There are 2 protein chains.
Amino acid sequence: MSENQSQTIQDYLKHIYNLTENGTPANTSLLASQLGLKPGSVSEMVSRLSATEPPLVNYIKYQGVTLTTLGREMALRVIRRHRLIETFLVEVLGYSWDMVHEEACELEHVVTDIFEARIASVLGNPRFSPHGEPIPEVDLSMPAQFTTKLGSLLPGQKAIIQQVPDSDPELLRYLRTIAIVPQKELVVLNRSNFDGNLTLSLQGQSENIILGPVITKKIFVTIME
Amino acid sequence: MSENQSQTIQDYLKHIYNLTENGTPANTSLLASQLGLKPGSVSEMVSRLSATEPPLVNYIKYQGVTLTTLGREMALRVIRRHRLIETFLVEVLGYSWDMVHEEACELEHVVTDIFEARIASVLGNPRFSPHGEPIPEVDLSMPAQFTTKLGSLLPGQKAIIQQVPDSDPELLRYLRTIAIVPQKELVVLNRSNFDGNLTLSLQGQSENIILGPVITKKIFVTIME
DNA sequence: TAATAAATTTAGGATAACCTAAATAAATAA
DNA sequence: TTATTTATTTAGGTTATCCTAAATTTATTA
Ligand SMILES: [Mn+2]
Ligand SMILES: [Mn+2]
Ligand SMILES: [Mn+2]
Ligand SMILES: [Mn+2]
């Protein structure tokens with residue numbers, strides 16, 4: 001029940017999914033840069049995806065692209081595999097969390113339904129990837145996403161890190177060294193009015209950490225008590 | 001140190017390796033049928049592989065194709081991955097042995113050196129795949145192959161099954177039901193002069209088994225004492 | 001609103017792999 | 001050895017995916 005779509009198409013759908021989660025259509029140039037392609041190639045491909053029967057995307061020229069129900073299902077299937085594979089690489093094969101995204105992006109297109117089911121089972125049906133990204137269920141329902149950004153916290157607030165961005169290995173190595181990892185508790189000590197820098201006290205760490213808004217905007221937390 | 005070759009090329013090299021192990025060049029039509037392609041496509045591709053710099057194969061028109069040293073190395077690298085993956089799928093993910101070949105044939109082209117090293121380590125550097133095929137070492141040296149065919153045994157000889165053909169799921173399921181699996185001991189009770197059928201008594205099995213030469217030619221054993 | 005800039009699409013081309021069918025070479029049979 | 005069959009190669013064509021550069025549309029600025 002699937003596997004008729006190329007790796008190329010699967011990656012398009014995945015990226016369109018991510019770009020349209022906020023409700024706005026995905027635009028050509030961002031898609032192109034994320035996929036490492038030229039805008040012209042993307043225009044051509046999304047027209048094609050919207051012209052297949054049944055169509056995988058809705059596409060209005062110059063307006064952007066969104067997923068059809070089918071396209072969304074296919075995107076979620078790939079995303080489930082991607083995140084399960086990331087978890088598997090860390091938990092079973094001992095990968096560090098900065099090395100799993102790239103490898104998962106290849107494996108996600110070739111593993112079978114059985115492979116997916118087996119690793120899910122071995123891992124105990126995990127709900128989150130090593131970076132804290134929610135893993136779609138078998139029925140492709142997507143768990144509630146985290147919405148509170150670390151960057152939105154005010155001084156005095158306590159929170160638990162839930163999710164960090166997964167695709168920049170260098171950033172991930174840095175976050176690991178400063179102990180910014182899912183489930184870590186923290187308190188905001190200070191917030192700069194000028195540059196939005198946050199001073200954080202992290203559970204079990206003697207040194208405080210100062211992080212700028214470029215990073216804190218991409219980290220999700222839940223607020224405590 | 002690799003990964004510049006397409007999946008297509010890797011599969012060509014692997015099949016050429018298998019067909020040339022016996023010392024004779026691989027011919028176009030057999031390659032085509034094994035790869036599921038038309039002979040014309042194979043002619044074109046092997047010319048291409050022999051024309052690259054450095055070349056991956058030696059090719060003489062109408063005479064057949066062999067691997068260069070580089071082509072052989074690349075074939076062995078893929079074969080190592082293939083067999084490690086097969087072992088991993090059985091040992092870690094609980095696959096049955098008839099389902100691993102096909103999945104390994106996809107995964108072998110996308111996993112990284114790190115993945116290969118990790119599963120080798122998790123598995124304790126296994127020397128044989130679930131079907132008993134020898135796994136090339138990290139340095140790509142190929143262990144000694146089994147040479148004695150079950151079909152060559154004479155009545156009264158005792159032997160241990162070592163290797164069965166890996167790519168026919170139906171045959172594998174059958175072999176499993178009749179307990180023809182690596183490390184199983186057996187005695188040849190009878191050999192038919194007419195059709196070459198062997199009657200076998202298998203360790204721990206009450207029923208004897210009769211197998212024709214089409215199968216016994218493809219199963220390798222070591223003779224006991 | 002007119003002019004300019006930026007984003008997007010379209011046109012024309014390239015490449016890797018495949019295919020079918022015709023042409024050619026090699027192997028086999030008479 | 002000649003005729004026939006079989007294997008192989010070659011020629012011409014297709015598809016998916018990408019690219020560059022020109023054309024077009026939309027957005028921004030003055
Ligand atoms: Mn990821
Ligand atoms: Mn991918
Ligand atoms: Mn195999
Ligand atoms: Mn393969």
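Letters A, B, ... are given to chains in the order of the sequence lines, protein chains preceding strands, and every chain is numbered from 1. All values reported here derive from a predicted model rather than from experimental measurement.
For B:F128, the ring-ring contact (aromatic ring centres under 6.0 Å, His included) partners are B:F146, not counting sequence neighbours. Applying the side-chain contact (heavy atoms from CB on, under 4.5 Å) test to B:S96 and every residue at least two apart in sequence or in another chain returns B:D98, B:M99. Shown here are the side-chain contact (heavy atoms from CB on, under 4.5 Å) partners of B:P126, two or more places apart in sequence or in another chain: B:L84, B:T87, B:L123, B:I135.
Near DNA chain D, defined here as any heavy-atom distance below 4.0 Å, the residues from residues 14-28 of chain B are B:N27, B:T28, listed numerically. A heavy atom closer than 4.0 Å to some atom of DNA chain D occurs in B:P39, B:G40, B:S43, these being the qualifying members of residues 31-54 of chain B. Taken residue by residue, residues 58-67 of chain A places heavy atoms nearer than 4.0 Å to DNA chain C at A:Y59, A:K61, A:Y62.
Looking only at distances, a side-chain donor or acceptor of B:T52 sits under 3.5 Å from a matching main-chain atom of B:L49. Without hydrogens or angle criteria, B:H82 side chain to B:V78 main chain gives no donor-acceptor distance under 3.5 Å. In this structure, the side chain of A:E86 does not engage the main chain of A:A104 through any donor-acceptor pair within 3.5 Å. In terms of modelled atom types and a separation under 3.5 Å, the side chain of A:S121 and the main chain of A:A117 share no donor-acceptor contact.
Side-chain N/O atoms of B:S6 include one lying less than 4.0 angstrom from OP1 or OP2 on C:dA17.
Expressed to the nearest 0.5 Å, how far CD1 of B:I215 lies from CD1 of B:I180 amounts to 8.5 Å.
The partner of C:dA30, taking Watson-Crick or G-U wobble pairs whose two distances both stay under 3.5 Å, is D:dT1.
Enclosure of atom CD1 in A:I210 is not indicated, since only 12 or fewer non-hydrogen atoms of other residues, nucleotides or ligands lie within 6.0 angstrom.
Rounded to a whole Å, the OH atom of B:Y12 is 11 Å from the C1' atom of C:dA16.
We find that A:R81 and A:D113 are joined by a salt bridge, their nearest charged nitrogen and carboxylate oxygen being less than 4.0 Å apart.
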